[in-house]
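Beneath this line is the structure, given in structure tokens, with notes to follow.
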Amino acid sequence: MNRVVVAIYIDPDFYPPTINAILNLAEKFKEVIVISRNNSEVSYPFPSNVTVKKVGKFTTVRDSEKKGMMFKAFSFLQFTRTICKYTCSKKTDLLVVYDSIPLLSFFVIKPFLGNRKKIWYHNHDMPSIHHIRKFSIGWFSAKYERKAMKSINYFSLPSSDRLEFYPNLDTNLQYFTIPNYPSLKVYHAAGSKVPATYKLKIIFQGFIGYGHALEEMIELLKEKIEGLELQLILKGSVKDEYKEKLSALAKQFGVSDKLIWIGIGPYADLPALTASCDIGIAVHKKTDNVSRTLGTASNKIYEYAASGLPVILYNIEQFEKYLSKYSWTFFSDGSLGSLRENLVTILKQLPEISKAARRDFENELNFEEQFNKTIKVIEASFTK
């Protein structure tokens, strides 16, 4: 196949599963064109046949959210025009749109594409029109999502449980589930953990906010577990008010030196950071539709496993359904006592479960496992 155009509204460096897809698409297509807005000053080191087109002047995601409607409308039109430019080319065989805003762009330019282009829609996070400001770009994308989907060829989600939110799909539409597992191309061989001698490093990566038992973890930092000091690393984006709250809590318990903040950085740097830690936190207490269907959609869980880290999860049905069979998963209600119990149990078997986590990633919980099956089906449809 010649060229695939990949469109995602926010820089792919913020969406690891998209990076994983691009890396694998680069093996199947002669050329990969990636179109996003200019939200990151760095770019993932993709193969030489991948070209990243960042639209507009550099603006952080947080700053772009604060901009007025005129800026947002112009930014969307620039993005859409760029998709049209590269997709209309005879060289392009496939357009992959990630999430509902690029799907809206496709819907706008559809009359110019003809009928020969194949369209693949993958949704990371389901849009809810009831939680989006009316008449915003996101609102329009949610409003027209189902109508736009009538013109696509392939549809995929990171969790099959989310299919219930897409009733009445066209019977001719080919559907795939592609879990948000990390890629073998990103998470290379990791050594198993050895018993810690003086410090236990616990990491939470992702958006840092309420509902992840972080307050309880900070209180736990004042204790020793099996004689070991604890350290909590918080990696990701955080709103100023919540960071101030957690910092004040750490100061209250006298553990400020044990709470480490690491902001947003290149995804290429994440595996080394994760591998330097001992345990991953993946507690999700929220109850919205996205949070209730995170079993195979929470990429941090599987990134921890790929790095040989045991994982502490919230004991909800969704996580137990997909993850209870693994020796490296431990379930908690998010309370101080439950977290403490998890840490004690983990420490007693850390080397063994670390090896098991990495082994399960290599054998089945990697992005390539399902993505390659999906690509084979799509390749076959081009020859029909």
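This is a predicted model, so every value here is computed, not measured.
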Same hydrophobic cluster for [X] and [Y], using side-chain heavy-atom links shorter than 4.5 Å among ILVMFWY?
| X | Y | answer |
| --- | --- | --- |
| M69 | F74 | no |
| V55 | M70 | no |
| F165 | M149 | yes |
| I262 | L232 | yes |
| I119 | L173 | yes |

Taking all non-hydrogen atoms of both residues, which atom of [X] and which atom of [Y] are closest, and how far apart?
| X | Y | answer |
| --- | --- | --- |
| D11 | V42 | OD2-O, 4.3 Å |
| W261 | S247 | NE1-OG, 3.6 Å |
| A213 | V283 | CB-CG1, 4.1 Å |

Heavy atoms from other residues, nucleotides or ligands near [atom1] of [X] exceed 12 (cutoff 6.0 Å):
| X | atom1 | result |
| --- | --- | --- |
| N363 | CG | yes |
| F71 | CZ | yes |
| K376 | NZ | no |
| Y144 | OH | no |
| E223 | CD | yes |

Is it true that [Y] and [X] share a donor-acceptor pair across their side chains at a distance under 3.5 Å?
| X | Y | result |
| --- | --- | --- |
| Y175 | T177 | yes |
| Y267 | E303 | yes |
| Y121 | N123 | yes |
| E368 | N24 | yes |
| N153 | W120 | no |
| T59 | R37 | no |
| E317 | Y322 | no |
| K235 | T274 | no |
| H122 | T18 | no |
| S381 | Y154 | yes |

[Y] side chain reached by [X] side chain, heavy atoms, under 4.5 Å:
| X | Y | answer |
| --- | --- | --- |
| Y86 | I83 | no |
| F140 | F76 | no |
| I202 | L343 | yes |
| V108 | S105 | no |
| Y44 | I22 | no |
| V255 | L220 | no |
| N20 | F371 | no |
| Q205 | L270 | yes |

Charged N to carboxylate O under 4.0 angstrom, [X] versus [Y]?
| X | Y | result |
| --- | --- | --- |
| E145 | K150 | no |
| K245 | E241 | no |
| K224 | E229 | yes |
| D93 | R3 | no |

Q. When you look at L214 and L234, which way does the side chain to side chain contact (heavy atoms under 4.5 Å, CB included) test go after all the steps?
A. CA-CA 9 Å; L214 300 180; L234 300 182; 3.9 Å; yes

Q.
One pair to check against side chain to side chain contact (heavy atoms under 4.5 Å, CB included): N299 and I301. What are the steps and the verdict?
A. CA-CA 5 Å; N299 51 289; I301 294 173; over 6 Å; no

Q. Could you walk me through whether N342 and F331 pass the side chain to side chain contact (heavy atoms under 4.5 Å, CB included) check?
A. CA-CA 8 Å; N342 285 151; F331 294 86; over 6 Å; no

First locate atom [atom1] of [X], then atom [atom2] of [Y], and finally report the distance between them rounded to the nearest 0.5 Å.
| X | Y | atom1 | atom2 | result |
| --- | --- | --- | --- | --- |
| F29 | K91 | CZ | NZ | 15.0 Å |
| N180 | Y15 | CG | OH | 11.0 Å |
| D99 | S141 | CG | OG | 9.0 Å |
| E320 | I316 | CD | CD1 | 9.0 Å |
| D13 | N39 | CG | CG | 10.5 Å |
| S335 | D333 | OG | CG | 3.5 Å |

Q: Could you list the residues that satisfy salt bridge (Lys or Arg N to Asp or Glu O under 4.0 Å) with R359, not counting sequence neighbours?
A: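 Partners of R359 by the salt bridge (Lys or Arg N to Asp or Glu O under 4.0 Å) criterion come out as none, since no residue qualifies.
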
Q: May I have the step-by-step check of salt bridge (charged side-chain N to carboxylate O under 4.0 Å, His left out) for K199 and D278, ending in yes or no?
A: CA-CA 9 Å; K199 186 184 295 181; D278 301 298; over 6 Å; no

Q: Start with the C-alpha distance between I375 and L25, add both sets of side-chain angles, then the distance that settles side chain to side chain contact (heavy atoms under 4.5 Å, CB included), and finish with yes or no.
A: CA-CA 8 Å; I375 283 295; L25 287 168; 3.8 Å; yes

Under 3.5 Å, is there a donor-acceptor pair between the side chain of [X] and the main chain of [Y]?
| X | Y | result |
| --- | --- | --- |
| T92 | L94 | no |
| Y304 | I281 | yes |
| S354 | L350 | no |
| S276 | L273 | yes |
| S324 | K321 | no |
| Y302 | P182 | no |

Q) Any salt bridge (Lys or Arg N to Asp or Glu O under 4.0 Å) pairs touching residues 68-86, not counting sequence neighbours? A) none

Q.
Considering only residues two or more places apart or on different chains, which pairs with a residue in residues 107-120 satisfy salt bridge (Lys or Arg N to Asp or Glu O under 4.0 Å)?
A.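 Sorted pair list comes back empty.
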
Q. Which is it for Y181 and F367 under the ring-ring contact (aromatic ring centres under 6.0 Å, His included) test, yes or no, and what are the steps along the way?
A. CA-CA 5 Å; Y181 298 156; F367 187 81; 8.6 Å; no

(Q) Using the rule given for side-chain hydrogen bond (donor to acceptor under 3.5 Å, both in side chains), can you reason through K54 versus S43, listing the C-alpha separation, both sets of side-chain angles and the distance that settles it, and then say yes or no? (A) CA-CA 10 Å; K54 298 190 179 187; S43 292; 3.1 Å; yes

